[in-house]
Amino acid sequence: MRIDIITIFPKMFDAVFGESIIKRAQEKSKVKIYIHNLREYSLDKHRKVDDRPFGGGSGMVMRPEPVFRAVESILSDLSRRAKTKVILLSPQGQRLDQGIAQRLAKLKHIILICGHYEGVDERVRRYLVDEEISIGDYILTGGELPAMVLVDCVVRLIPGVLGDKNSLNFESFQDSLLEYPQYTRPARFRDMCVPKVLLSGDHKKIAAWRRTQAVRITQEKRPDLLKNKKEV
Ligand code: 9D3
């Protein structure tokens, strides 16, 4: 998969994409991530990327020209536009969830536009963007953190990024449950003991216990996650 990110803060991505699983996924050529500085696509003499809103009002609006030029330049690099989606990170978007991540993970190429200021010129939304995505109902200062969240959850779904264990679990019921209680050594810590079943060596019993616990915890903490599920 190829991911292009258009942003006015390119340095924000270095730490997140330069570590851990995303770093390894790039090294293994499972994903290629390109960060583009929006300012470099501005034809304005001061490389301005924002301007005052027509009709007045507070705040600034992202100008269409640099955004269109950035997307067009990325697309012209490529032989074809197949399985490419242009995505705007915006508070108006559909809320990111695991289903959206799974759908995006099947694409060849995504282009992410990080919104800023009070918003982007509506023509970007209407004529350039295929899809708008939000990461939740709270107000952030821009689309950069949401873009990193989206990349993180999509990249881990690309086959070969995590290893085979994950791909077997793909879209399974287990994925919509919260985690069962986990323990590690020692078996007894300050008089607090690990549940006996986990020390029993009976793998069937352990699996059954974990499943029951996962369902119980999900029912208690996030009953909404179980609502659309039939099999328990
Ligand atoms: C206070 C300004 N708001 C007026 C209605 C609009 C607004 C514009 C831009 C609010 C936040 C932002 C910056 N946020 C994003 O670009 C963003 C975002 C978010 O704030 N929350 C969750 N997901 C996302 S995706 C992009």
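When a ligand or atom number is given, it counts from 1 through the structure's own listing order.
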Asker: With no hydrogens and no angle check, is any side-chain donor or acceptor of R69 less than 3.5 Å from a backbone partner on Y41?
Answerer: yes

Asker: Among all the protein's non-hydrogen atoms, which is closest to atom 11 (C) of ligand 1, and how far away is it?
Answerer: L140 O, 3.5 Å

Asker: Can you name the atoms of ligand 1, numbered from 1 with element, that are less than 4.0 Å from a heavy atom of S90?
Answerer: 25 (S), 26 (C)

Asker: Look at atom 7 (C) of ligand 1 and find which of G115, P91, G59 reaches it with the closest heavy atom.
Answerer: P91

Asker: Nearest heavy-atom pair of E144 and H116: which atoms, and what distance?
Answerer: OE1-NE2, 2.8 Å

Asker: Is there a side chain to side chain donor-acceptor pair (under 3.5 Å) between R216 and Q213 once you walk through the steps?
Answerer: CA-CA 5 Å; R216 177 186 63 77; Q213 293 293 315; 2.7 Å; yes

Asker: Give the residue, atom name and distance (to 0.1 Å) of the protein heavy atom nearest atom 9 (C) of ligand 1.
Answerer: Y117 O, 3.5 Å

Asker: Is it the case that R211 places NZ or CZ above or below the six-membered ring of Y180, under 6.0 angstrom from the centre and within 45 degrees of the axis?
Answerer: no

Asker: Return yes or no for this condition: an N or O of I139 is under 3.5 Å from an N or O of ligand 1.
Answerer: no

Asker: Quick check on the hydrophobic clustering: are F54 and V124 connected, directly or via other members, by side-chain heavy-atom contacts under 4.5 Å?
Answerer: no

Asker: Run E27 and R24 through salt bridge (Lys or Arg N to Asp or Glu O under 4.0 Å) and show every step you take.
Answerer: CA-CA 5 Å; E27 286 166 357; R24 258 188 298 142; over 6 Å; no

Asker: Among protein heavy atoms, which sits nearest to atom 21 (N) of ligand 1, and what does the distance come to when rounded to 0.1 Å?
Answerer: Y138 O, 2.8 Å

Asker: Within a reach of under 6.0 Å around NZ of K83, are more than 12 heavy atoms found that belong to other residues, nucleotides or ligands?
Answerer: no

Asker: Which of the atoms of ligand 1 are close to I133, meaning less than 4.0 Å from one of its heavy atoms?
Answerer: 25 (S)

Asker: Where the closest heavy atom to atom 6 (C) of ligand 1 is concerned, which of E144, M62, H116, E118 has it?
Answerer: E118

Asker: Between G119 and ligand 1, does any nitrogen or oxygen pair lie at a separation below 3.5 Å?
Answerer: no

Asker: Any idea which atoms of ligand 1 are less than 4.0 Å away from a heavy-atom of P146?
Answerer: 24 (C), 25 (S), 26 (C)

Asker: Taking only heavy atoms of G136 into account, list the atoms of ligand 1 that are under 4.0 Å away from them.
Answerer: 21 (N), 22 (C)

Asker: Can you tell me if D137 has a non-hydrogen atom under 4.0 Å from ligand 1?
Answerer: no

Asker: For the hydrophobic clusters of this structure (ILVMFWY residues joined by side-chain heavy atoms under 4.5 Å, transitively), does one cluster hold both L43 and V71?
Answerer: no

Asker: Please write down residue, atom name and distance for the protein heavy atom closest to atom 23 (N) of ligand 1.
Answerer: I135 N, 3.0 Å

Asker: Mind listing the closest non-hydrogen atom pair of V16 and M148 along with its distance?
Answerer: CG2-SD, 3.5 Å

